[in-house]
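The structure under discussion appears below in the form of structure tokens.
Treat the numbers as computed from the prediction; the structure is a model and nothing was measured.
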Amino acid sequence: MCSAFFSASEIAFSSSSSVRLKNLAEDNVKGSRKALYISEHFDSALSTVLVGNNFVNILSTTLCAYLFLNIISNPVVYNIVNTVVMTIVILIFGEILPKSIAKNNPEKACLFIAPILFIVMKVLFIFCVPFNLLQKAFRKKQNDENKKPTITEDELETIVETMEEEGVIEEQDADIIYGALKFNDVSVKDVMTPRVDVVCINIKCNIEDIKKTFLRTQFSRIPVYEKSKDNIIGILNQKTFFSAIVGKNHINIHSMLTPALFVSQTTKINDVMKLMQKEQKHMAIVSDEYGGTSGIITMEDCFEEVFGEVYDEHDDIVTTISKIEDNKFRVNAELSVEELFDFLQIEKMPKEKYSNIASFLCHISDSVPQQGKVITYKTVDETIGEDSKFIKTELVLSFKLIKVEKRRIREVELTLTSQVIDE
């Protein structure tokens, strides 16, 4: 029974989740505080468990040997019997069964074991001092840089994926968590509206042209430039503009402009959001390495990285991927490469990072895109089949450019073909 207790203690606390034990302690569940203390001082607890387990196993073997010595006169026979009997008893009842039970529900086992183990730790403390000192001396030799966090970002993504598969959280909630985890890694260049798509107003435009631009685009804010888009002089607010022109024959556009906020392409969107909040701005001008205008980024662009596409009553809902038939899809070229590969369930991503499918295709084709052209990309996917066999498959992604505007890829037709090359 003592051997079973120590064996169960070892596997229970080594398998338990410290996060769950903290939650139980916050809920004042009986035995949870002692369980959390033991989990946080696991090295000391492990020394106690190993000292106690070895002591009771050796003691039980010795007592069993004494018992068989009085029953069996032949020393060779009694040694064999003692070894066989004690091996079976300790292995089954002192190791396998208690560890299997504790492994199935480690947190519940911790709550049951903790009060007793806490007392045993105090009683056996003096015997465990040498082992604890040995552990501390060994840890001091380890470099602090080699210390790993309790849970890494990749592990957290795996946990969220498992929770989604088991139905603990919804797919939409999982997508929000994924977006939040990658938020710090996304730069302005990845989410900005490029210069060619930016609607701007020339400061020399007349009032009627500005009014038509606002009504046509339904934008709440539009950058204003002087001479060229590389010289943005401010942001014009739709509400301010229409409020000023009501009942007035002459207005000054310069007086309505608010100073523009400028950021670089490499700035992380997390930092941009903080800067926008601080400066009370909803839009920023993205500058390139030459000081010109590369594009714009809005607060909405940053939010969409976490919560997905946000549409208002004036936005056209764009379908990013639609299935035409088996292994044939119509894909919006603004879709990210990562989202496409996730949709197709292809593990091996391109080594280089691309902002979208259009950028990816321009890079691998190394030529000016033309409508009707087919661009092929090959990759190898590795999966495990139903019979647990490792399968290596060559995938061929054929992108047909079905919509190209001014040398810019807008929409493609993707055909996916596969061939097993190794099993």
Side-chain angles (χ1 to χ4, degrees), residues 183 186-307 309-316 318 334 355-356 405-408 410:
F183 198 62
V186 180
S187 62
V188 168
K189 188 177 181 180
D190 298 326
V191 300
M192 72 178 187
T193 302
R195 176 190 171 111
V196 293
D197 291 336
V198 175
V199 175
C200 290
I201 296 173
N202 192 325
I203 189 63
K204 293 182 179 179
C205 284
N206 58 48
I207 302 302
E208 194 61 32
D209 287 339
I210 297 174
K211 187 196 299 183
K212 288 179 180 178
T213 302
F214 272 119
L215 294 175
R216 174 174 55 84
T217 62
Q218 295 295 322
F219 291 153
S220 58
R221 295 169 184 82
I222 297 179
V224 178
Y225 68 89
E226 188 174 10
K227 294 183 179 178
S228 75
K229 285 185 179 181
D230 290 322
N231 184 29
I232 302 294
I233 59 175
I235 307 296
L236 182 60
N237 188 293
Q238 182 196 66
K239 188 176 180 180
T240 305
F241 173 75
F242 281 105
S243 297
I245 65 175
V246 174
K248 293 185 180 180
N249 296 324
H250 177 74
I251 59 174
N252 185 358
I253 297 296
H254 273 283
S255 63
M256 299 181 198
L257 300 182
T258 57
L261 178 65
F262 291 89
V263 297
S264 71
Q265 298 179 17
T266 56
T267 307
K268 302 301 181 185
I269 60 174
N270 183 36
D271 297 328
V272 172
M273 280 196 68
K274 291 177 181 178
L275 186 60
M276 285 182 177
Q277 289 174 323
K278 181 182 177 182
E279 300 293 332
Q280 296 182 331
K281 305 285 186 182
H282 288 261
M283 176 188 291
I285 309 300
V286 183
S287 298
D288 59 23
E289 62 270 31
Y290 305 107
T293 300
S294 179
I296 63 169
I297 184 171
T298 64
M299 186 73 79
E300 183 179 314
D301 294 329
C302 300
F303 279 131
E304 287 178 342
E305 279 302 302
V306 177
F307 300 103
E309 289 296 324
V310 179
Y311 297 104
D312 61 25
E313 61 272 21
H314 303 298
D315 288 338
D316 295 326
V318 179
E334 295 300 318
S355 56
N356 51 37
E405 297 176 352
K406 296 180 180 179
R407 300 178 301 280
R408 184 175 178 184
R410 292 291 188 179

| query | Which residues pass the ring-ring contact (aromatic ring centres under 6.0 Å, His included) test with Y225, sequence neighbours left out? | reply | none
| F262: partners by side-chain contact (heavy atoms from CB on, under 4.5 Å), with sequence neighbours left out | I232, A260, I285, S287
| For R195, all residues meeting salt bridge (Lys or Arg N to Asp or Glu O under 4.0 Å), sequence neighbours excluded | D230
| query | Looking at CD of E226 and SG of C200, how far apart are the two atoms once the value is rounded to the nearest 0.5 Å? | reply | 13.5 Å
| query | With sequence neighbours excluded, what pairs up with S264 under the side-chain hydrogen bond (donor to acceptor under 3.5 Å, both in side chains) test? | reply | T266, T267
| field | D190: partners by salt bridge (Lys or Arg N to Asp or Glu O under 4.0 Å), with sequence neighbours left out | value | K353
| query | What closest approach, in Å, do I222 and F219 show between heavy atoms, and which atom pair accounts for it? | reply | CG1-CB, 4.0 Å
| Is the shortest heavy-atom distance from the side chain of R221 to the side chain of I296 under 4.5 Å? | no
| Which residues satisfy the side-chain hydrogen bond (donor to acceptor under 3.5 Å, both in side chains) test with Q265, sequence neighbours excluded? | S294
| query | Which residue pairs satisfy the side-chain hydrogen bond (donor to acceptor under 3.5 Å, both in side chains) criterion with at least one member in residues 200-216, sequence neighbours excluded? | reply | N206-D209
| said: So, taking the atom named CE in M256 and the one named OG1 in T240, what distance separates them when rounded to the nearest 0.5 Å? | reply: 8.0 Å
| request: Could you list the residues that satisfy salt bridge (Lys or Arg N to Asp or Glu O under 4.0 Å) with E405, not counting sequence neighbours? | output: K403, R410
| query | For the atom pair CD1 (I233) and NE2 (H254), what is the distance rounded to the nearest 0.5 Å? | reply | 5.0 Å
| task | Mind checking the OG-CD1 spacing from S255 to I253? Nearest 0.5 Å is all I need. | result | 7.5 Å
| request: Could you pull out the closest heavy-atom pair between I297 and C302, with the gap in Å? | output: CD1-SG, 3.9 Å
| message | Whether the side chain of T293 engages the backbone of K229 through a donor-acceptor N/O pair (distance < 3.5 Å, no angle test) should be reported. | response | yes
| What are the two closest heavy atoms between G295 and V198, and how far apart are they? | CA-CG2, 4.1 Å
| request: Starting at CD1 of I210, measure out to CG of L236 and round the result to the nearest 0.5 Å. | output: 6.5 Å
| Side-chain (D301) to main-chain (T298) donor-acceptor, under 3.5 angstrom | yes
| query | According to the side-chain hydrogen bond (donor to acceptor under 3.5 Å, both in side chains) rule, which pairs have a member within residues 269-281, sequence neighbours left out? | reply | N184-N270
| Shortest non-hydrogen contact from M276 toward M283 | CE-C, 4.0 Å
| message | Among residues at least two apart in sequence or on other chains, which ones pass side-chain contact (heavy atoms from CB on, under 4.5 Å) with K239? | response | N237, S243
| field | Distance-minimising heavy-atom pair for M273 and F303 | value | CE-CE2, 3.7 Å
| note | The salt bridge (Lys or Arg N to Asp or Glu O under 4.0 Å) partners of K268 (sequence neighbours excluded) come to none
| task | Using the side-chain contact (heavy atoms from CB on, under 4.5 Å) rule, take R408 and D197 through it: C-alpha gap first, then chi angles, then the decisive distance, then the call. | result | CA-CA 11 Å; R408 184 175 178 184; D197 291 336; 2.6 Å; yes
